[in-house]
Amino acid sequence: VAKGKVYIGKDNIIREYVTINCSSSPDKATSLGNGNLLMACSHIAHDCKIANNVVICNGALIAGHIEIGDKAFISGNVVIHQFVKIGRLAMIGGLSRVNQDVLPFMLVVGDSRVWGLNLAGLKRANFSKEEINQIRKAYKILYRKQISLKSALEKLEKLGSPVVKEMIVSILSSQRGICGPKRNTL
């Protein structure tokens, strides 16, 4: 019987009762990069690709085929649907349910809703004020202007910023669509 694979990099901290499933076929692998922290009772399902310096908090459930970028932060008891991509330096708030892709640098809370930027993560990662301002402009175009995604992408291209280009690449490569803006409840 052919078995799947798991690759685990260096300097990871894997706490009590964490589960990491092997890949669903021998030609693929579940992979965990370097310097990650997997807190107690978190779960990484088959065929996931977790990059480097990711924090996955207690009780988080990462379904199969998920990709998580560098320095992402997945809070406690978060559930993420299979095939979702979580961008670099994204943060998912506790008890959230994520069923669409999360762009790099975004803060997602609740039911797949973008509430803003992961400013704490950007500052910790030593992003310049100019880079943060470019990401802020991109956020406003995508989530505040109420324009079509096609129009938003055209405006994002005009910003000409490498960090915004990373967001554009994530949008264009998305198979599940991207998380939408928070809903006004008033």
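The figures here come from the full heavy-atom set of this structure, side chains too, leaving out hydrogens, waters and symmetry mates.
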Please identify which of these residues, [options], meets the side chain to side chain contact (heavy atoms under 4.5 Å, CB included) condition with [X].
X: Ser112; options: Asp101, Val84, Asn99, Ile92; answer: Asn99
X: Met167; options: Ile178, Leu156, Leu142; answer: Leu142
X: Phe73; options: Ile86, Ile68, Val55, Asn53; answer: Val55
X: Cys179; options: Val109, Asp111, Val114; answer: Val114
X: Phe105; options: Val164, Val163, Leu119, Asn118; answer: Val163

Verdict with reasoning, Asn34 to Asn52, per side chain to side chain contact (heavy atoms under 4.5 Å, CB included): CA-CA 5 Å; Asn34 302 316; Asn52 303 303; 3.6 Å; yes
Audit row: Ile80, Val102, side chain to side chain contact (heavy atoms under 4.5 Å, CB included) steps and yes/no: CA-CA 11 Å; Ile80 304 177; Val102 178; over 6 Å; no
Arg176 vs His81, side chain to side chain contact (heavy atoms under 4.5 Å, CB included): CA-CA, chis, key distance, verdict: CA-CA 10 Å; Arg176 296 194 55 80; His81 194 280; 3.4 Å; yes
Side chain to side chain contact (heavy atoms under 4.5 Å, CB included) between Leu103 and Tyr139, worked out: CA-CA 10 Å; Leu103 295 180; Tyr139 166 77; over 6 Å; no
CD (Gln146) with more than 12 external heavy atoms under 6.0 Å: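 No, the 6.0 Å shell around CD holds no more than 12 heavy atoms from other groups.
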Enclosure of Lys145 NZ (heavy-atom neighbours >12, cutoff 6.0 Å):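 No, because the 6.0 Å sphere around NZ of Lys145 holds 12 heavy atoms or fewer from other groups.
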Asn12-Asn36 side chain donor-acceptor pair, cut-off 3.5 Å: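 Yes.
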Sidechain-backbone polar pair: Ser42 side chain, Ala60 backbone, donor-acceptor under 3.5 Å: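 Judged by distance alone, no pair lies under 3.5 Å.
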Partner residues of Lys129 under the side-chain contact (heavy atoms from CB on, under 4.5 Å) criterion, sequence neighbours left out: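 If we apply the side-chain contact (heavy atoms from CB on, under 4.5 Å) test to Lys129, skipping adjacent residues, there are no hits.
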Can you give me the closest heavy-atom contact between [X] and [Y], atom names plus distance?
X: Ser23; Y: Lys28; answer: OG-O, 2.8 Å
X: Ile74; Y: Ile62; answer: CG2-CD1, 4.2 Å
X: Ser96; Y: Gly110; answer: OG-N, 2.9 Å
X: Ala63; Y: Cys48; answer: O-SG, 3.0 Å

